[in-house]
Amino acid sequence: MPLARFTNNSGMPMTTQRRGVMLIAGMLVVLAAIMPLIGIAAYARHDAAKYELSHVQEYSEWTLQRAGSSLDVARSVLDRLDKEGWRDCSADHMARMRVLAVDGRSVEEIGFFIDGRLACTSWGRVTSIIPSTPPATVLPDGTAVHLGVASQVPGAAPMIALSRPSLSRPASSGSFHRVLMPSERLLDVLTDTEMALGVADLQGNLIAVRGAIDPDTARTMAARGGSGRMGTHFYAVGQNDDFRALAVTDQSLVAARISQDIWRMLPVSLGISAILIGLIIWISRRNLSLEGELAVGIKDREFFVCYQPIIELSTGLCVGAEALLRWTRSNGSSVPPDLFIPFAEQHQLIEPLTDVMIDCVVTDLAELLRRERNVHITINISAQDMESGRFLPVLHRALSETSIDPSQVWLEATERGFMDAAAASKTLRSARENGHMIAIDDFGTGYSSLAMLEQLPLDTLKIDRSFIDAIGRGAATSRVIPHIIDMAHGLRLNIVAEGVETVEQETYLRKSGVKFAQGWLYSKALPVEEFLQFFQDQSAAHHRPIPA
Ligand code: C2E
Ligand code: CA
Ligand code: CA
């Protein structure tokens with residue numbers, strides 16, 4: 001009993017495919033558990049980086065505004081003093097500078113230079129010689145910026161000094177006002193996380209910087225502009241017509257946010273994993289159970305065969321039928337052959353299925369075939385059958401036990417069955433020797449070459465339904481049909497047209513010299529009793545001679 005090879009004591013199959021399904025399912029379960037986690041980690045990283053960039057961008061803009069308004073105060077103080085025409089370091093002049101230094105938020109001290117030397121400040125006259133030095137940078141509006149300038153107040157931290165060209169006096173006069181401002185005034189921005197801030201000129205030369213950042217790194221960022229990542233930092237540079245502002249954070253902040261986000265999204269990831277694992281288990285169980293059910297179905301003979309009449313076009317007579325397997329499961333549901341045949345092929349169950357089909361055909365039609373020696377039955381042979389040739393002795397024994405002539409059983413194989421050309425050739429030659437006719441099924445849908453058609457021992461070519469369907473529709477495939485017919489004639493092959501549904505198609509095929517046709521125009525595949533009735537009715541209508 002061939003089925004014994006496929007079932008264990010419980011009736012369930014234990015094939016290598018079954019183990020394969022379980023192994024693949026196991027691997028998929030592991031992936032389903034890991035992938036969503038990797039996914040959310042990647043998403044959290046991306047999201048945190050995006051957030052951090054927009055965070056520093058916001059702060060670079062604020063710093064730009066803050067530094068701008070501090071600079072504006074300094075500029076307006078300088079312009080005012082210039083406009084008021086103070087230039088003598090008189091008591092009134094110094095009193096005026098004092099008032100403006102106190103009023104001007106961000107301005108700490110004001111000084112006046114005469115002939116390039118500091119003569120007085122808002123604190124009083126200057127006796128020591130303090131010459132003016134060249135500025136570190138000059139902003140596009142003409143404001144000169146000096147860095148690290150000492151105040152007149154002993155012990156005060158060095159500050160930024162700003163001066164502007166006079167509107168009324170020539171620059172060469174050497175007399176000008178200068179304001180001192182602590183560099184932090186430019187960076188007076190409250191930050192919600194630890195952040196380094198900086199102000200630079202448009203070339204990236206730093207004017208002021210605050211926070212833990214290496215000055216070289218800050219300079220490179222300021223010079224580069226825009227926003228992005230540099231080393232372990234996220235940075236953004238804002239810019240206006242005069243200067244640039246920089247905000248920088250460290251990635252350790254982002255790392256903390258990433259792990260926060262991962263924890264937040266963990267339930268979602270676990271949910272997705274659970275759904276995926278459930279799906280994998282469901283599909284593999286279905287797969288395993290369909291495999292099991294197929295094996296049980298074969299053992300319990302849940303299969304039967306329907307017969308689709310084949311018509312000789314010149315006479316309109318039914319000259320045979322194609323055997324098509326049907327599966328009705330114990331629960332009453334039907335599984336279409338397009339599903340269970342490929343499935344049986346994948347799970348090494350096609351050979352026992354072919355045995356069942358042969359057994360059904362012989363049981364169903366032995367009587368008819370013995371009576372009508374010109375009638376034939378075509379049976380479908382799968383690629384695996386073709387490769388092993390195992391069905392041949394089974395068929396041979398079944399036919400000899402029932403006295404059916406092997407010439408009455410035609411074998412149909414699709415082009416897939418000829419892929420292993422050597423094995424196919426061997427099986428087909430043995431089949432030929434046994435007396436069977438051979439047809440190539442679904443012709444035109446595979447890869448067959450003319451050379452292959454010439455080499456293999458073929459008798460009949462079945463033109464695929466898709467080509468018949470195209471007849472009279474002007475579709476591209478309809479232009480192929482005449483070539484297929486010519487080629488088959490050239491190779492002296494019989495032609496069966498599959499899927500004939502209209503009289504127009506039938507007329508075209510008959511005129512083109514096609515010998516046989518099969519399709520819903522004549523009949524669908526019928527259960528055996530209905531087929532026998534169809535055959536009888538059809539014979540009577542055509543006055544088929546009753547054999548003696
Ligand atoms: P196939 O060998 O190409 O069989 C022809 C299919 O076309 C059949 O579908 C048939 O019912 C359908 N058909 C016939 N005339 C018409 C028509 O005029 N219009 C339309 N739309 N369809 C038509 P079925 O019975 O569902 O079989 C599907 C496939 O399953 C078969 O295609 C064959 O490849 C496979 N199959 C069926 N029985 C067996 C079997 O015993 N062994 C093997 N290996 N394969 C089988
Ligand atoms: Ca077929
Ligand atoms: Ca076919």
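A quick note: this is a predicted structure, and the numbers were derived from the prediction, not measured. Every number for a ligand or one of its atoms is a count from 1 in the order of the listing. Values below: every heavy atom of this structure, side chains too, minus hydrogens, waters and symmetry copies.
Using a 3.5 Å distance cut-off with no hydrogens or angles, the side chains of Q308 and Y522 do not pair a donor with an acceptor. Using a 3.5 Å distance cut-off with no hydrogens or angles, the side chains of T220 and R224 do not pair a donor with an acceptor. Residues D192 and H55 bring a donor and an acceptor atom of their side chains to less than 3.5 Å of each other.
Listed for the Q239 side chain is no donor-acceptor partner under 3.5 Å among the backbone atoms of R244.
When side chains are defined from C-beta on, E412 does not count as touching I379, because their heavy atoms never get closer than 4.5 Å. Using a 4.5 Å heavy-atom cutoff, the side chains of S330 and E302 are in contact.
Atom CZ of R301 sits in a crowded spot, with more than 12 heavy atoms from other residues, nucleotides or ligands closer than 6.0 Å. No more than 12 heavy-atom neighbours from other residues, nucleotides or ligands sit within 6.0 angstrom of OH on Y43. In this structure, M35 places its CE atom where only 12 or fewer heavy-atom neighbours from other residues, nucleotides or ligands lie under 6.0 Å away.
Residues of the protein with a heavy atom under 4.0 Å from ligand 1 are Q308, E322, L324, L325, R326, P337, D338, I341, M357, N380, S382, D441, D442, R465, E498, G499, V500, E501, G519, W520, listed by chain and number.
Neighbouring protein atoms of the Ca ion (ligand 2) (N, O or S, distance under 3.0 Å, waters ignored): E322 OE2, N380 OD1, E412 OE1, D441 OD2.
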